[in-house]
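First the structure, in the form of structure tokens, and then the observations on it.
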2 protein chains.
Amino acid sequence: MSARAAGGGTITPMDSSSTRRQTTRRKLFEAAVTLIAEQGFSSTTVDEIAERAGVAKGTVYYNFASKNELFEELLRHGIELLATSLQEAADGAADRGGSRVDALDAMIRAGLDFIARYPALTQLYVAELWRTNRAWQSTLMVVRERAITVVEGVLREAVAGGELSEDIDIPLTASALFGMVLVAALDWQSYQPHRSIDDVHASLSRLLQGRVSGHP
Amino acid sequence: MSARAAGGGTITPMDSSSTRRQTTRRKLFEAAVTLIAEQGFSSTTVDEIAERAGVAKGTVYYNFASKNELFEELLRHGIELLATSLQEAADGAADRGGSRVDALDAMIRAGLDFIARYPALTQLYVAELWRTNRAWQSTLMVVRERAITVVEGVLREAVAGGELSEDIDIPLTASALFGMVLVAALDWQSYQPHRSIDDVHASLSRLLQGRVSGHP
DNA sequence: TCCTTTGAACTGACCAGTCAGTGCAAAAAG
DNA sequence: CTTTTTGCACTGACTGGTCAGTTCAAAGGA
């Protein structure tokens, strides 16, 4: 009964809605995300996912209609984490009375935090996002939109408030900022993992604020 | 006899060094690059590659030791095109007496040109570059190094010449610039293909030169 | 009692890599 | 000049293995 709350032990108690099923699904997501990030979707077998999650293969098909659907739900779940985190960062900066540029900077930080916390998920998005002719193409379009829109929103407000030039191309700038953080962070993780996140953040802030080519 | 020179007919005469084999290999590269960009490496079958190239499956194995090796040679061939093109852009700007920042701008343009000309090849690099545990991991490291080094070289010269602040983090800035151009260009190709390359280039130049947050 | 999980056996499609054989142009032999 | 040989490039049917997805009886848990 509920007094035993944590059940098996390692699993968080959570509120009423958390059923045994939710736990199993989460374990499957975690197993799938790392395997797919490492090997790609097609090279990852359902048997492997089940094994790493510590469940039987039949359980995978009891919880998801297919390997494909497991993956799509994974994508949707992941982007929710990112978009929420970006939005909170932007709102937080605004609440603290910062400018819109401060909000952008806070979003860069949030992006770095996200990539540091979920590197496998990030790798997986990058690998799939610009592919064509994939079954989950439409899911990815939505997913991308969800994240880019948050950045565009802040840029738009900054232009309206006179903080940024009206000449900037908002969608393209949003993409470019996104790419800047993404690639810098992936390279950081892959090739210079010893560096601190503050260090990386500071370098990117400098780049954002146009001090790279700034002649004093 | 030798007077009949061209022999049968369908085969091009060509000069001595250019063999039938080279032509076949080129056809296979072209077929493989688009298929793998669309579907990923594992989902692309050797039968598909052969069919699109208009040769028999056995020919693939006559020309390449394995599917894997075909792919690795493709990666190596592609990066040579990019690195050369970036270096020429940088040198060209220098020859014209431009600053190092002009050289960076020329490289952005070269990057955009490359992506516009070889979109499939670009998608393919992006999809594979940050994966772990892949057979061609080491090839990719070399490939990435080859391109990033060119950018770092220009940044270093710019710092030495006082054009850029000494505070910038050269490797990280190179990655960030690379990512900025890459993601902006891929989004341009995927979601706003009607825009002109000059337009995209102008927006990115503005971002590079720190005029985004520039209060006049 | 009802929901969820287990685990193992099975099917059928798909696919990387192989190999015996074909076609053909140029060299060698007659 | 004609015939034979050589060897490169290519062919495509075939093989051995893999894997997504199915099925189901039995067990476990709330």
Side-chain angles (χ1 to χ4, degrees), chain A residues 1-9 11 13-29 31-32 35-36 39-72 74 134-136, chain B residues 1-29 31-32 35-36 39-72 74 134-136:
Chain A
M1 51 183 74
S2 62
R4 214 209 310 75
I11 298 144
M14 296 193 135
D15 63 298
S16 57
S17 71
S18 173
T19 61
R20 193 149 58 115
R21 214 169 163 175
Q22 294 302 316
T23 307
T24 303
R25 289 169 67 99
R26 191 158 11 88
K27 281 195 294 187
L28 286 169
F29 277 159
L35 284 168
I36 296 177
Q39 309 175 327
F41 177 80
S42 309
S43 318
T44 301
T45 69
V46 174
D47 291 278
E48 277 177 310
I49 295 172
E51 189 190 348
R52 184 168 304 189
V55 303
K57 185 176 182 180
T59 304
V60 176
Y61 285 95
Y62 182 78
N63 284 279
F64 298 94
S66 65
K67 181 186 175 188
N68 241 296
E69 194 172 295
L70 162 59
F71 186 57
E72 288 203 35
L74 184 61
R134 288 293 246 190
W136 47 81
Chain B
M1 53 198 69
S2 62
R4 216 214 299 83
T10 59
I11 297 152
T12 54
M14 299 194 141
D15 67 294
S16 57
S17 72
S18 176
T19 62
R20 188 150 62 117
R21 215 168 160 170
Q22 292 304 316
T23 308
T24 304
R25 288 170 68 98
R26 194 158 8 89
K27 282 196 293 185
L28 285 170
F29 276 156
L35 284 168
I36 296 177
Q39 308 175 325
F41 176 80
S42 309
S43 315
T44 300
T45 68
V46 174
D47 290 278
E48 279 177 309
I49 296 172
E51 189 190 348
R52 184 168 303 189
V55 303
K57 185 176 187 175
T59 303
V60 176
Y61 287 93
Y62 181 78
N63 284 280
F64 299 93
S66 65
K67 182 185 174 189
N68 241 297
E69 194 173 295
L70 162 59
F71 185 57
E72 290 201 37
L74 185 60
R134 292 290 248 190
W136 48 82

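The chains referred to below are lettered A, B, ... by the order of the sequence lines, with proteins before strands, and numbering in each begins at 1.
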Any idea which heavy atoms bring B:Ala31 and B:Ile49 closest together, and the distance? CB-O, 3.6 Å
Side-chain donor/acceptor pairs under 3.5 Å, residues 52-62 of chain A, sequence neighbours excluded:
{"from": "A:Arg52", "atom 1": "NH1", "to": "A:Thr34", "atom 2": "OG1", "distance (Å)": "3.1"}
{"from": "A:Lys57", "atom 1": "NZ", "to": "A:Asp47", "atom 2": "OD2", "distance (Å)": "3.4"}
{"from": "A:Thr59", "atom 1": "OG1", "to": "A:Ala56", "atom 2": "O", "distance (Å)": "3.4"}

Using whole Å, report how far CD1 of B:Ile49 lies from P of D:dG12. 17 Å
Minimum heavy-atom separation for B:Leu35 and B:Thr44, please, with both atom names. O-OG1, 3.4 Å
For nucleotides 8-21 of chain C, 5' to 3', base contacts (B), sugar-phosphate-only contacts (S) and non-contacts (-) with protein non-hydrogen atoms under 4.0 Å give -------SBBB---
Go through it in stages, so that I can follow the logic: the residues are B:Thr23 and B:Arg26, the test is side-chain contact (heavy atoms from CB on, under 4.5 Å), and I'd like the CA-CA distance, side-chain angles, deciding distance and then a yes or no. CA-CA 5 Å; B:Thr23 308; B:Arg26 194 158 8 89; 4.2 Å; yes
On a heavy-atom basis, which atom in A:Glu69 and which in A:Ala65 lie closest, and how many Å separate them? OE1-CB, 3.6 Å
Kindly compute the distance separating CZ (B:Arg25) from CG (B:Leu74), expressed to the nearest 0.5 Å. 11.0 Å
Sub-3.5 Å pairs of nitrogen or oxygen atoms, protein against nucleotides 1-5 of chain C:
{"from": "C:dT4", "atom 1": "OP2", "to": "A:Tyr62", "atom 2": "OH", "distance (Å)": "2.9"}
{"from": "C:dT4", "atom 1": "O5'", "to": "A:Tyr62", "atom 2": "OH", "distance (Å)": "3.4"}
{"from": "C:dT4", "atom 1": "O4'", "to": "A:Arg20", "atom 2": "NH2", "distance (Å)": "3.4"}
{"from": "C:dT5", "atom 1": "OP1", "to": "A:Thr24", "atom 2": "OG1", "distance (Å)": "2.4"}
{"from": "C:dT5", "atom 1": "OP2", "to": "A:Asn63", "atom 2": "ND2", "distance (Å)": "3.1"}

B:Phe71 and B:Trp136 aromatic ring geometry - parallel, tilted or perpendicular at 30°/60° bounds: perpendicular
What's the shortest heavy-atom distance between A:Ile36 and A:Phe41, and which atoms? CG2-N, 3.7 Å
